[in-house]
Peer 1: 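Before I ask anything, here is the structure I am working with.
In this chain, residues are counted from 1 in sequence order. Remember, it's a predicted structure, so these values are computed and weren't measured experimentally.
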Amino acid sequence: MISVMRRRAVRCAAAALVSGLAAVGTIAAGDPAAADDAPQSPGGVTATLGRITAGSGAVVHDRRKTGEMTAGLFEMKVDGGGALQTYCVDILTNTVDGARYKEVGWGESSLHANKNAGKIRWILQHSYPQVNDLAALAKDADTGTLNADTAAAGTQVAIWRYSDGVEVDAKDPAAEKLADYLYKNARDTDEPDASLRLTPSAVSGRSGQKLGPVTVHTNAGSVTVTPSGDAAAKGVRIVDKDGKPVTSTADGGELFFDVRPGVRDGSLSLRAMAATKVPVGRVFIGDHTTTQTQILAGSSESTVSASATATWATKGAIPALSARKNCPKGGVEVTADNQGDAPYTFELDGAKHTVPAGRTETIFVKVAEDQAYKFTIRGPHGLARTFSGILDCATAETGAAATADGGGAGGTKATLASRMSPASTGGTGKGTVNASVDGDLAVTGGGNANPKFTGIAIALIVVGSGAVYLLRREKAASGE
């Protein structure tokens, strides 16, 4: 009788997964032609995940079972040019082949509540590939001989112990000694700044004024600034605080949208681009895809970008709309800044909100972990902004409790599939320990897989793998 009830519970859970995904489809439905998809990330790198280029085996001791997997260093191909090397900070979540990733701060990732996030960055700064002299690294850690594979594996294992609070060991003795050394010696360090971001990402005001400022934050020496569309035809220029036209700027530069008096009500975006090395320790999450969160270990000179939008009118409500994920609260914050002379009323999450003239208000929308969301906010003068993404703020369930001196990812989420299948490495990497011409990336070779997939296929895979996992747990519990 108990076994029958368990099977029914598993079937109900699987059905709930299907209905939940159907709800996502309903939320995502809308009129894409009528609204601009507004970026939520303030800027940085976007990249495509490749393969593991160096690594070796590890053993994960989960509360349900013990399994083997590959611990190693991934490669990413940057949109617009450049390459990254990354480690995983979400051990039990699968990677999605060819997934697109975007750069975010720790607060928008599973590290948002991890008190040991700074120690993870210390490990990245003091191990492979940042430390490319493997003989010196082996001497410091007293590991015996290290090569690219064992160095990458040991580094990844040490990171997992802090990112997921999981019990994991490297199979290779030298890699295990390196992991122990890094884990025990890690010290807290500060979160790195973004490679490029613009604040705020949206401004508004009356025509005939300079709208802004939009401030540039970057580690690049120079940033190119380009308006979208035909700015001159719209009667808009991108200028500095003195009203001089701007085509390039640097860190701390202030940008304004100079809107000519009497122009037609409307909006315009600008795009800032630069080439720079992304700071070690920046996090990469799936861009509209649930996939394994990564953290940066090395960067070549890479293309980084960010955008900002201005909206103007002669009278009435003139809103600037922006949104950002709030991982501690578990949802999305939408900010409406009304710089007009009349109240701005809009609908969001089934409720009406009114922002008085000259005021700014932020509305919080609760979103479930791993839930896709998409909502469109409309305003006067044909304004429509769509915000979409997936809330990915927690590591997958490890079954290992966070300890006082290690682990503690600030929340977990249910594992939807068997994630302990070994990953394939992209080559031995042995002997390839020379620094690249760009300084940060180790030369480990490897290519880049880039298969095509659709959201429907991913949804079906998630539903199917979730049902399989639940059935396996039910069988294990019943002893079948």
Peer 1: So do Thr86 and Leu73 actually touch side chain to side chain, heavy atoms under 4.5 Å?
Peer 2: no
Peer 1: Just one of Val225, Val223, Thr199, Asp251 clears the side chain to side chain contact (heavy atoms under 4.5 Å, CB included) bar with Val216, so which one?
Peer 2: Val223
Peer 1: Check for a donor-acceptor pair, side chain of Thr143 on one end and backbone N or O of Ala141 on the other, with a separation under 3.5 Å.
Peer 2: no
Peer 1: Find out whether Leu84 and Phe284 are in side-chain contact, i.e. whether some heavy atom of one side chain is under 4.5 Å from a heavy atom of the other.
Peer 2: yes
Peer 1: Any side-chain donor paired with an acceptor under 3.5 Å for Thr395 and Ser110?
Peer 2: no
Peer 1: Closest approach of Tyr162 and Tyr183, non-hydrogen atoms and distance?
Peer 2: OH-O, 2.7 Å
Peer 1: Evaluate the side-chain proximity of Lys277 to Glu301: yes if any heavy-atom separation is below 4.5 Å, no if none is.
Peer 2: yes
Peer 1: Take Leu268 and Lys234 through the test side-chain contact (heavy atoms from CB on, under 4.5 Å) and record every step on the way to the result.
Peer 2: CA-CA 9 Å; Leu268 183 77; Lys234 287 190 174 184; 4.2 Å; yes
Peer 1: Atom CG of residue position Asp242 - does it have more than 12 heavy atoms of other residues, nucleotides or ligands inside 6.0 Å?
Peer 2: yes
Peer 1: Has the side chain of Asp164 got a donor or acceptor atom that lies under 3.5 Å from a matching backbone atom of Ile91?
Peer 2: yes
Peer 1: Taking all non-hydrogen atoms of both residues, which atom of Thr303 and which atom of Val78 are closest, and how far apart?
Peer 2: O-CG1, 3.6 Å
Peer 1: Between Thr309 and Ser269, do the side chains contain an N or O donor and an N or O acceptor separated by less than 3.5 Å?
Peer 2: yes
Peer 1: Going by atom types alone, do Ser305 and Arg271 pair a side-chain donor with an acceptor below 3.5 Å?
Peer 2: yes
Peer 1: I'd like to know if the side chain of Thr218 reaches the main chain of Ser195, judged simply by a donor and an acceptor atom lying under 3.5 Å from each other, with no hydrogens or angles considered.
Peer 2: yes
Peer 1: Is Asp133 paired with Lys139 through a side-chain N to carboxylate O contact shorter than 4.0 Å?
Peer 2: no
Peer 1: Would a distance-only check, ignoring hydrogens and angles, find a side-chain to backbone donor-acceptor pair under 3.5 Å from Glu68 to Gly57?
Peer 2: no
Peer 1: Hey, does the side chain of Arg187 reach the backbone of Asn185 with a donor-acceptor pair shorter than 3.5 angstrom?
Peer 2: yes
Peer 1: Does some side-chain heavy atom of Arg282 sit less than 4.5 Å from a side-chain heavy atom of Val280?
Peer 2: no
Peer 1: Among residues at least two apart in sequence or on other chains, which ones pass salt bridge (Lys or Arg N to Asp or Glu O under 4.0 Å) with Lys329?
Peer 2: none
Peer 1: Is there side-chain contact between Trp160 and Val89, with heavy atoms separated by less than 4.5 Å?
Peer 2: no
Peer 1: Do you see a donor-acceptor pair shorter than 3.5 Å between the side chains of Asn219 and Thr276?
Peer 2: yes
Peer 1: Does a side-chain heavy-atom distance below 4.5 Å link Arg121 with Trp106?
Peer 2: yes
Peer 1: Under 6.0 Å between ring centres, would you say that holds for Phe74 and Tyr87?
Peer 2: no
Peer 1: What are the two closest heavy atoms between Gly98 and Thr48, and how far apart are they?
Peer 2: O-CG2, 3.5 Å
Peer 1: Please report the interatomic distance CG(Asp90) to OG1(Thr290), rounded to the nearest 0.5 Å.
Peer 2: 10.5 Å
Peer 1: Please determine whether a side-chain nitrogen of the Lys or Arg among Arg100 and Asp79 lies less than 4.0 Å from a carboxylate oxygen of the Asp or Glu.
Peer 2: yes
Peer 1: So, for Gly281 and Leu124, which heavy atoms are closest and what is the spacing to 0.1 Å?
Peer 2: CA-CD1, 3.9 Å
Peer 1: Less than 4.5 Å apart, side chain to side chain, heavy atoms only: is that true for Leu211 and Val259?
Peer 2: yes
Peer 1: Can you confirm whether Asp97 sits close enough to Leu49 that some side-chain heavy atom of one is under 4.5 Å from a side-chain heavy atom of the other?
Peer 2: no
Peer 1: Do Asp169 and His61 meet the criterion of a side-chain donor-acceptor pair at a distance under 3.5 Å?
Peer 2: yes
Peer 1: Pair Glu103, Thr46 - check side-chain hydrogen bond (donor to acceptor under 3.5 Å, both in side chains), show working.
Peer 2: CA-CA 6 Å; Glu103 176 189 345; Thr46 56; over 6 Å; no
Peer 1: Closer than 4.0 angstrom, basic N to acidic O: yes or no for Asp180 and Arg161?
Peer 2: yes
Peer 1: Under 4.0 Å between a Lys/Arg side-chain N and an Asp/Glu carboxylate O for Lys171 and Glu176?
Peer 2: no
Peer 1: Looking only at non-hydrogen atoms, find the nearest pair between Cys88 and Ile159 and report the distance.
Peer 2: O-CG2, 3.6 Å
Peer 1: Below 4.0 angstrom, N of the basic side chain to O of the carboxylate: do Arg324 and Glu333 qualify?
Peer 2: yes
Peer 1: Quick one about Ser127 and Thr155 (side-chain donor to acceptor, distance below 3.5 Å, no hydrogens or angles considered), yes or no?
Peer 2: yes
Peer 1: Evaluate Ser109 against Thr293 for side-chain hydrogen bond (donor to acceptor under 3.5 Å, both in side chains), listing each step before the verdict.
Peer 2: CA-CA 8 Å; Ser109 74; Thr293 302; over 6 Å; no
Peer 1: Measure across Gly107 and Pro328 and return the closest heavy-atom pair with its distance rounded to 0.1 Å.
Peer 2: O-CD, 4.3 Å
Peer 1: Applying side-chain hydrogen bond (donor to acceptor under 3.5 Å, both in side chains), run through Thr95 and Gln292 and close with a yes or a no.
Peer 2: CA-CA 5 Å; Thr95 57; Gln292 189 179 84; 5.4 Å; no
Peer 1: State whether the side chain of Thr150 and the backbone N or O of Asn147 hold a donor-acceptor pair below 3.5 Å, judged by distance alone.
Peer 2: yes
Peer 1: Please determine whether side-chain hydrogen bond (donor to acceptor under 3.5 Å, both in side chains) holds for the pair Thr291 and Tyr101, giving the CA-CA distance in whole Å, both sets of side-chain angles, and the decisive distance to 0.1 Å.
Peer 2: CA-CA 9 Å; Thr291 184; Tyr101 280 75; 3.0 Å; yes
Peer 1: Is there a donor-acceptor contact under 3.5 Å from the side chain of Asn116 to the main chain of Lys119?
Peer 2: no
Peer 1: Any sub-3.5 Å donor-acceptor pair from Ser299's side-chain atoms to Val278's backbone N or O?
Peer 2: yes
Peer 1: Could you pull out all residues at least two apart from Cys327 that satisfy disulfide (SG to SG under 2.5 Å)?
Peer 2: Cys393
Peer 1: Between the side chains of Ser248 and Thr224, does any donor sit under 3.5 Å from an acceptor?
Peer 2: no
Peer 1: Should Lys325 and Glu108 count as an ion pair when the cut-off is N to O under 4.0 Å?
Peer 2: no
